[in-house]
Each structure stands twice: as C-alpha cells, then as structure tokens.
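As structure tokens, the structure follows; a few thoughts come after it.
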Amino acid sequence: MNPERATPKEWVGLAVLVLTVLMMSMDTTVLYFALPFLSASLEPSAPQQLWIVDIYAFMLAGLLITMGTLGDHIGRRRLLMIGALVFGASSFAAAYAGSAELLILARAVLGMSGAVLAPSTLALIRNMFRDPTQRRTAIAVWTAGLSGGAALGPIVSGLLLEHFWWGSVFLINIPVTVLILVLGPMLLPEHRDPRPGRFDFLGAALSLGAILPVVYGIKELADDGFAWKYAAVTAAGVAVGVLFVRRQRAAASPLIDLGLFRDRGFSASIGVNLVALFAMVGFLLFATQWLQLVYGLSPLEAGLWTLPAPLAVAVTTTVAAVLAKTVRPGYIIGTGMVIASGGFAILTQLRADSSLALAVLGASVMSAGVGMAIPLTADLIVSAAPPERVGAAAALPETSNQLGGALGVAILGSIGAAVYTRDVDDATAGLPPEAAEAAEGSLGGATEVAQHLPVGAGRSLLGAAEEAFTEGMTIAAAVGAAVMLAGAVAAALLMRHVRTPGAEPAPEARPKTDPVPAPNPE
C-alpha cells in the first residue's frame with residue numbers, strides 16, 4: 001500500500017472537520033430570521049442591532065491570519081479543540097444573553113473562536129491527506145461544507161424559531177461542539193511547526209489593525225453611502241496594512257512568508273478567491289431581497305429555494321477534483337469562472353414578473369462555477385506552503401473571501417442602489433418628503449410606504465420600485481459577469497504553466513539524459 005494514501009481513519013476525521021466548518025459558516029447567517037425576535041426581547045438600539053449581526057464576521061476576518069499562525073506554534077488540533085470549546089461556551093452565553101451588550105460580546109467571542117476553526121481545519125487536511133489526489137477530494141468536501149453552512153443558517157434558524165425561542169439558534173451549536181471535542185482527539189492527528197520561532201505579536205496586532213478597519217469601513221460605505229469618516233477608517237486600515245507588510249519582511253519569524261507570493265499558483269489563487277467572492281457575495285445581496293420583496297416568498301421559503309446553489313457547488317467541487325488529475329488547474333479554474341459568468345448572464349434576464357425558475361437557475365449556475373474554482377485555489381495555496389507553516393497559509397483563502405465579499409457588497413451594492421434611486425425617482429414625485437426619501441432609499445422602504453398609501457397609488461409605487469430594483473439587480477449581474485470573465489482570462493493566462501500539486505511533469509517536459517555509450521569492443 002502507498003504510505004502516502006489516507007486510511008479510513010483520516011476520512012472519518014474529515015467528517016469532523018467538515019462538521020466544524022459547517023457550524024462556523026452557519027453562524028454567519030443564522031441571525032437572519034432571529035433578529036426580529038431577539039429585538040423584541042432585548043430591545044437593542046439600531047446601532048446595536050447592526051453590531052449584533054456584524055461583529056461575528058468582523059472578528060472572524062480580522063483574526064484569521066493570527067489564529068492560523070498560532071496553530072503552527074501550539075498545534076493545530078490543540079487550537080481546534082480550544083476554538084471548539086470557546087465556540088460552544090460563547091454560543092451558550094449568546095443564547096441566554098440578558099442584554100444587547102452581552103449578546104454583542106458573546107458574538108464577538110464567537111467570531112474570535114470561528115477564526116480558529118477555519119484555518120485549523122484546512123491546515124489539518126493538508127497534513128492528513130498527503131496524497132495530492134485525495135487531498136483535492138478532501139478540500140472539495142470541505143468547501144462544500146463551508147458554502148453549505150451559510151445556506152443552511154437561515155433555514156435552520158427558521159425551523160427552530162417556529163417551535164423555540166430566539167436563543168435556540170445558538171444552542172444548536174452545543175451538541176456539535178460536544179461531538180467535535182469527543183471525536184477530535186481520537187480521529188485527528190496533532191501537527192505543529194517543530195521550530196516555530198518567537199510568535200510575532202506586533203505582526204498579529206498589525207494584521208488585526210489592517211483587516212478589521214478595511215472590512216468595517218467598506219461595509220459601512222455600502223450600507224450608508226459615501227461618508228468621509230468611513231473612507232478615513234478604510235484608508236487607515238490600508239495604511240496599517242502597509243506597515244504589516246513591512247513588518248513581515250523584517251521579522252525573524254513572520255506570520256506570513258511573503259516569499260510564497262512569488263509562487264504564481266499561490267498568488268493567482270488568492271486573486272481568484274478575491275474576484276470570485278467579490279462577484280458572488282456582492283450579488284447575493286440582491287438575490288435574497290428579490291426572492292422576498294419582489295417575488296413575494298417568505299424568508300423560510302426563500303431560504304429553501306436557495307438550496308440548489310450549494311448542491312450545485314457540491315457537484316462541481318467533485319468534478320473539479322477529478323479533472324485536476326489530468327488538466328492543469330488554471331484551465332479548470334478559468335472554466336469555472338466562465339460558467340459563473342454564464343450564471344450571471346442568465347440573471348441579467350430577470351424582470352420583476354420573471355419566473356422563480358429563472359432566478360434559481362441563474363444562481364445555481366453561478367454557484368456551480370465558483371464551486372469549480374475555489375477548491376483548487378485552496379489546494380494550490382496550502383500546497384505551496386511548507387507543511388510546518390501551513391497554518392498561516394490556510395488562513396489566507398478565507399481572509400481573501402472576507403475581503404472580496406466586503407468589496408462586492410460595497411461596489412455592486414452601490415451600483416444597484418444608484419440605479420434604483422434613479423429609476424424610482426419619478427414614482428415618488430408626489431409623495432411627502434419623508435415618504436419619498438424612504439421609498440428612494442430601498443425597496444423595503446418603498447414597500448413600507450406603499451402600505452400607507454391609497455390602493456391605486458400604493459400599487460403604482462410598489463410596481464415602479466420593483467422594476468427599479470430589478471433593473472439595478474440586472475446591471476449588478478452584468479458587472480459580475482464581466483468581472484468573472486476577466487478573472488477567467490487572467491487565471492488561464494497567469495496559471496497556464498502551474499501544475500496540479502503532485503502531478504507528474506508531462507513527458508516532453510522531463511529532463512532528457514544522454515544515452516549510456518555502448519562499450520568499445522576493442
């Protein structure tokens with residue numbers, strides 16, 4: 001037997017890792033339905049409501065790099081167990097929080113522990129699956145779990161809230177963390193850097209000071225429109241990011257080996273993640289609103305109709321892992337991005353009275369294309385790093401995902417909002433100033449205003465608002481298609497010489513040796 005190939009124990013251990021990221025990603029969306037219920041109970045202010053929802057993602061994004069490197073120092077399984085324990089404890093605290101302040105604190109600790117789980121699981125996959133083909137399959141399964149959790153969050157919370165109180169959406173994590181804590185030590189091996197050097201505390205502080213303001217500033221710019229204070233926060237984060245890079249160049253034991261970026265497969269993969277999540281997350285902001293506010297589905301129904309997208313991801317991640325045995329990754333990634341661009345092209349055909357099938361088809365094709373690209377980029381990233389330093393590298397895919405998603409929401413959201421405001425302007429001409437401002441601000445605002453108007457006027461305003469929103473959505477989809485096509489071309493060109501990790505060089509590329517001369521008969 002090939003000693004490099006994983007045994008059944010590693011594959012069962014993979015199930016524990018997938019369960020971990022499923023739980024972590026589910027918590028990013030689990031509050032979508034619970035927010036009205038906890039608002040009635042805790043009565044948070046409007047800013048507190050935003051922090052309850054957003055603090056999890058902010059802490060997750062800001063601490064990924066630090067926690068990935070910490071796993072290299074103290075052991076990836078040990079850190080995973082600590083993270084799972086803290087995740088379960090903070091979930092319990094969130095479920096029984098008696099005030100908005102306590103809930104915000106609990107969600108912040110959840111984000112910190114979530115930042116432990118994602119890089120630790122991916123780093124352990126790199127260590128457990130040394131055979132490249134098996135590793136790509138394992139990463140494909142891990143990716144499906146990561147994307148499936150975000151889709152399942154609203155559905156699980158919707159089902160729980162039909163029978164239990166709002167804290168149940170957090171208590172669902174408790175049995176999962178218990179399972180991880182029991183099975184993890186039995187099934188997961190321990191790995192760490194044997195010579196990690198001194199932990200770079202200054203670099204860790206700079207990474208948090210760079211990523212957190214950038215993600216926060218971009219999100220606030222997307223939510224509230226341009227404001228100098230948010231632009232200044234974003235610029236400050238970029239400036240700290242420059243200091244972080246300088247620190248990594250000078251540190252004896254940096255958090256991230258910047259030399260990895262000289263590897264074309266590594267650096268191009270980071271860029272692909274950024275571009276793919278920019279387009280996908282930025283557009284999903286519109287898709288969820290269209291399903292509920294234009295097509296008229298309930299939140300739970302809308303969540304159920306999004307399930308074909310993660311199922312499509314599960315299929316294409318598997319296809320990509322099989323193709324990678326014979327096809328270079330740049331071409332597979334480029335093909336996936338072209339498919340995603342085709343999904344966006346389908347979505348440009350949506351109208352306010354379009355069928356639900358068209359929206360579901362477009363979103364599923366888009367997700368399928370992204371699902372074909374992302375597992376291979378994760379494999380290229382973790383394969384480029386030395387096994388003893390893979391924890392830090394494993395944090396980079398999710399970090400680029402978070403930054404790409406924030407940029408997508410900000411830029412595509414701003415484009416859609418500008419189109420909506422322009423197109424709905426005529427329909428609000430006869431309304432009082434406050435009502436007109438609310439209706440021009442968002443489709444939700446127009447829906448609320450329409451309910452207080454006479455039936456004819458309300459229908460007219462709502463129809464115009466739905467058309468305007470859908471127009472903005474289709475223009476955002478066109479931008480997403482263009483971005484994906486550009487990314488596909490760039491991936492194919494930049495990665496055309498990059499080989500699949502572990503693949504044998506093509507026969508013509510192998511070095512030729514001079515034939516051994518025949519002995520002289522004399």
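Along the sequence shown, residues are numbered consecutively beginning with 1. Since the model is a prediction, treat every value here as computed from it, not as a measurement.
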Decide yes or no on side chain to side chain contact (heavy atoms under 4.5 Å, CB included) for L17 and V141, but give the supporting numbers first.
CA-CA 10 Å; L17 299 179; V141 175; over 6 Å; no
Starting from the C-alpha separation in whole Å, work towards a yes-or-no answer on ring-ring contact (aromatic ring centres under 6.0 Å, His included) for W305 and Y295.
CA-CA 12 Å; W305 276 107; Y295 197 79; 8.5 Å; no
Apply side chain to side chain contact (heavy atoms under 4.5 Å, CB included) to residues L293 and E466 and explain how you reach the verdict.
CA-CA 8 Å; L293 298 178; E466 289 174 351; over 6 Å; no
Check step by step if side chain to side chain contact (heavy atoms under 4.5 Å, CB included) holds for I125 and M128.
CA-CA 5 Å; I125 286 174; M128 291 163 60; 5.6 Å; no
Chi angles and distances behind the side chain to side chain contact (heavy atoms under 4.5 Å, CB included) call for V275, M337
CA-CA 10 Å; V275 167; M337 297 182 81; 3.8 Å; yes
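No side-chain heavy atom of E10 sits under 4.5 Å from any side-chain heavy atom of L14. Residues R328 and M495 form no side-chain contact, since every pair of their non-hydrogen atoms from C-beta on lies 4.5 Å or further apart.
From I381, atom CD1 reaches atom CD1 of I270 across 3.5 Å, with rounding to the nearest 0.5 Å. The NE2 atom of H191 sits 4.0 Å away from atom CG of N127, with the distance rounded to the nearest 0.5 Å. Here CD of E471 is found 7.0 Å from CZ of R351. Values are rounded to the nearest 0.5 Å. Between atom CG of residue L323 and atom CE of residue M372 there is a gap of 6.0 Å, rounded to the nearest 0.5 Å. Atom CG of L19 sits about 12.5 Å away from atom CE of M24, to the nearest 0.5 Å. For the atom pair I155 CD1 and M26 CE, the distance stands at 10.5 Å (nearest 0.5 Å).
Applying the ring-ring contact (aromatic ring centres under 6.0 Å, His included) test to every pair with at least one member in residues 396-415, sequence neighbours left out, gives no pairs at all.
Across all non-hydrogen atoms, the minimal contact from A324 to L376 is CB-CD2, 3.9 Å. Minimum heavy-atom separation, M473 to A287: CE-CA, 4.0 Å. For the residue pair S367 and V313, the shortest heavy atom distance occurs at O-CG2, 3.4 Å. Listed here is the closest heavy atom pair of A446 and Y420: CB-OH, 3.3 Å. Contact record, L60 with A115: CD1-N, 3.3 Å, taken as the closest heavy-atom pair. L64 and A395 get closest at one heavy-atom pair: O-CB, 3.2 Å.
Remark: the D379 side chain and the S383 side chain contain an N/O donor-acceptor pair separated by less than 3.5 Å. Under the 3.5 Å distance criterion, with hydrogens and angles disregarded, a donor-acceptor pair is assigned to the side chains of S207 and T66.
Checking side-chain atoms of T474 against main-chain N and O of T470 turns up a donor-acceptor pair under 3.5 Å. In this structure, S120 contributes its side chain and L117 its backbone to no donor-acceptor pair below 3.5 Å. Under the 3.5 Å distance criterion, the side-chain polar atoms of S25 are matched with a main-chain donor or acceptor of L146. A distance-only check finds no donor-acceptor pair linking the side chain of R107 to the backbone of I55 [under 3.5 Å]. A donor-acceptor contact shorter than 3.5 Å links the side chain of S113 to the backbone of L110.
Exactly one of D27, V116, T20 qualifies for a side-chain contact (heavy atoms from CB on, under 4.5 Å) with F87. That residue is D27. Partner of N273 under the side-chain contact (heavy atoms from CB on, under 4.5 Å) criterion, out of T399, V370, T377, L396: T377 alone.
For W142, there are no ring-ring contact (aromatic ring centres under 6.0 Å, His included) partners, not counting sequence neighbours.
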